[in-house]
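Below is one structure, written out as structure tokens, with a few remarks after it.
Since this is a predicted model, take the numbers as computed values, not measurements. Lettering follows sequence order; numbering is per chain, from 1.
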Amino acid sequence: MTFDAQQVQDVLIIVVTAATPLLIAAVGELVVERSGVLNLGVEGMMIIGAATGFAAGYSTDSTLVGVAAGVISGAILAAIFAFLTLGLAANQVASGLALTILGRGVANLIGASFVGLKRTPAPHLHIPGLSDIPLIGKLIFGEDFFVYFGLLLTGAVAYWLMRTRSGLTLRAIGDNHASGHSLGVPVRRIRLLAVLFGGGCAGLAGSYLSLAYTPFWSPDMTAGRGWIALALVVFASWKPWRALAGALLFGGVTVLQLVFQTWGVPIPPQFLASLPYLTTIAVLVVLSIRDIRGAAAPASLGIPFIPDR
Amino acid sequence: MAQSHATDLGQGSKATPLLAVRDITKRFGTFTANDRVTLDLAAGEIHALLGENGAGKSTLVKMLYGILEPTEGDILWQGAPIRLADPNAARALGIGMVFQHFSLFENLTVAENIALVMPSEVKLDDAPAKIAEISRAYGMGLEPSRPVWTLSAGERQRIEIARCLLQDPKVLILDEPTSVLTPQEAEKLFETLERLKAEGRALLYISHHLEEVQRLCDRATILRLGKVVGTCNPRAETPRSLAALMVGSEIKEVKPAGAHALGKERLVVSNLSLPSPELHGVALKNVSAAVKGGEIFGVAGVAGNGQSEFFAALSGETLAREPNAIVIDGSPVGAMGIAVRRALNAGFVPEERNGHAAAPDFTLSDNIVLSSHASAGMTRAGFINAKLAKEKARAVITSFDVRAAAPDPPARTLSGGNLQKFVVGREILRDPSVLVINQPTWGVDVAAAATIRQALLDLCAKGAAILIISQDLDELFEICDRIAVIHGGQLSAPLPARSTTREEIGLLMAGMGGSGHAH
């Protein structure tokens, strides 16, 4: 069982690409939850992003159009959720679960005629010289564009949340929507924008799967990544940079099974395939034991807001 | 109605009032919260808005601050009618408001809380400097980087006021500002308010503490059931005459306890310590108290100092590790649940009547079953004896004068005062030998409060041991034999109510009990 530095880089590249969809979806959901809304429909918004992303990308032969379609379809699904939970003050947990089921159904419908088709993966960055540096060049300068966008998004959201007035307002209504309302903050409008942003991010993460990660469409190709993204938000205690660390950890666990298989480690592949999910459960258990009182969760999370007027 | 603004007593009333309300009405469905209310507010006055809970005071000021929209009537700003679309519009005109239930964000810092309402030209990074400046000018002692949940009620209120003052308001509305303050903190607030008045601002001061109003206010407008019943100079009235205006009838006085024989200790708490049950909660530290039969033991304190945690430990909602930490009539019950304690004939009335003391959507008889299924033969082999439950509900309703629209209505349809009479009456009719009650008359009208206090005194005269947790110092001094103060999860040594002053209790409430450790 020998391996060289080149193999290490290859493994790390897989870790990064496995982490990217988790990161993008988690950062989107993080903004939603920071505003006080719990959207459990991330899985549904991701899968529809994957289906429309591939369908549009394949039909127009343009990755960019595919990405746009993925983002928009995620946001449209999120808009349905927003209408239910913000407009009609429906139960957020039930609405989010329904959204997942709806998203899966519609995605399979859209994707039905694209099963088995393939297209070329999304382009990778190539900077002559830098990208060719042995051992780290490809890892740092040769990823696909989604990877860099995910990192940029994380930094931008972190800065925006903590350092700008609109970010402060969003955190404030997540902490106490009644106080926000009595100060004249448009609670529902801000939450609508947050939910749409979260939907867009989930759609983008989905389209990453079908346009770059594995450039084809297959039903249920998100394979629970939406749920992992949701757990990541809790894992990150609602802080963007920690979501990055968490995404890399989960990405690493996903890759572990592939590595173990190539190395011939005698562990049943079914067990390895379930590792990310077991890790999710373990992490959530550890987190709740560490702080049984629910630590940094936004105080209004999941509570419907009905303004009196 | 016509008399309301005919009585001209105030100084600035000849000039155009800064803010005026003309025949304003607010309806919620079929319920009329404000009925043709008229009110003037002049520059340089402190104007009291008096009334019982539910009289419509909060509804009125919410309309003045743009949170609610009037159904009918006009709001005039310097004589011109205006429409306030939202609080931002009110703030832009120069109307500021300090809320009764603080409108602060617990997990944000002081600076972030204040920055939220600053005009958008102010850069976020400049906010702390501005806050320090205003904090110095008014002697408020605010620390911009502290998270709000670590602050006391008095400090929180100063943030609210600072937040208003940053916008240099001409009109400042204060909704029950002293309800969560110690007497000393209230004193400090009054100084600030006098200063704001001297600067020529108009203050609308909502309260039901009549002494405060007499001390501070130049005019008072009194609301009852949504209508203005009069405007007067509070200094020319007595607290009794003001109270009669608020309630519409004379209040019957609660019969003082008088000297009575004390029995043996029936409720003993020794060295009770519990970790905080939730984020931002309070841990109990070495709490000890002993209540004798025939005694009312009061626990005073500013809200959020461990009262609800103490109540939960006494009632058995939170279990102590040490069985001897709580002893009821000789039985160590510290580690036993609620049903065991009730079977020992203890009764418990929590603070929150809707949702904690009573299930809001259940009928009164169902609520009787819920609280006494284990101790009063309400169930047999798991089946509810509905007839007996209805009879018991009936008994509570008649003996405590609970006014309800139907014979056995859902709990939530009762008004606050009536539901409170019901949940207290439910326990008292069981003739408990130990009764623990948290905030017995919070948010209850004056007449219902008098009924409840009298019932507690009567129960005590029968030999029961009663422990009352209350934020209302007047109430504690009125009915308690001894008063202890809870602060930061610690309970002070009890002081005899008759020979203790409000100031001594106030110091303990503020956690400054160093010299006050009598006996």
In Å and rounded to the nearest 0.5 Å, what is the CZ to CD distance from A/R165 to B/E112? 11.5 Å
Carefully, step by step, assess B/F105 and A/L183 under the rule side-chain contact (heavy atoms from CB on, under 4.5 Å). CA-CA 11 Å; B/F105 304 94; A/L183 292 178; 3.8 Å; yes
If one checks every heavy atom of B/D125 against chain A at 4.5 Å, the contacting part turns out to be side chain
Give a yes or no on this: more than 12 heavy atoms of other residues, nucleotides or ligands lie within 6.0 Å of atom CG of B/L225. no
Check whether more than 12 heavy atoms from other residues, nucleotides or ligands sit under 6.0 Å from atom OH of A/Y148, and answer yes or no. yes
Nearest 0.5 Å please: distance from the CG atom of B/N107 over to the OG atom of A/S300. 9.5 Å
Please report the shortest heavy-atom distance between A/S179 and B/L104, naming the atom on each side. OG-O, 3.4 Å
Which atom names give the shortest non-hydrogen contact between A/S182 and B/Y65, and what distance separates them? O-CE2, 3.3 Å
Is the count of non-hydrogen atoms from other residues, nucleotides or ligands lying under 6.0 Å from B/R146 atom CZ greater than 12? yes
Measuring from atom CG of B/L116 to atom CG of A/L168, what distance do you get when rounded to the nearest 0.5 angstrom? 4.0 Å
What verdict does the side-chain contact (heavy atoms from CB on, under 4.5 Å) test give for A/N176 and B/E106, after you've listed the backbone C-alpha separation in whole Å, the side-chain angles of each residue and the deciding distance to 0.1 Å? CA-CA 8 Å; A/N176 187 338; B/E106 297 247 314; 5.8 Å; no
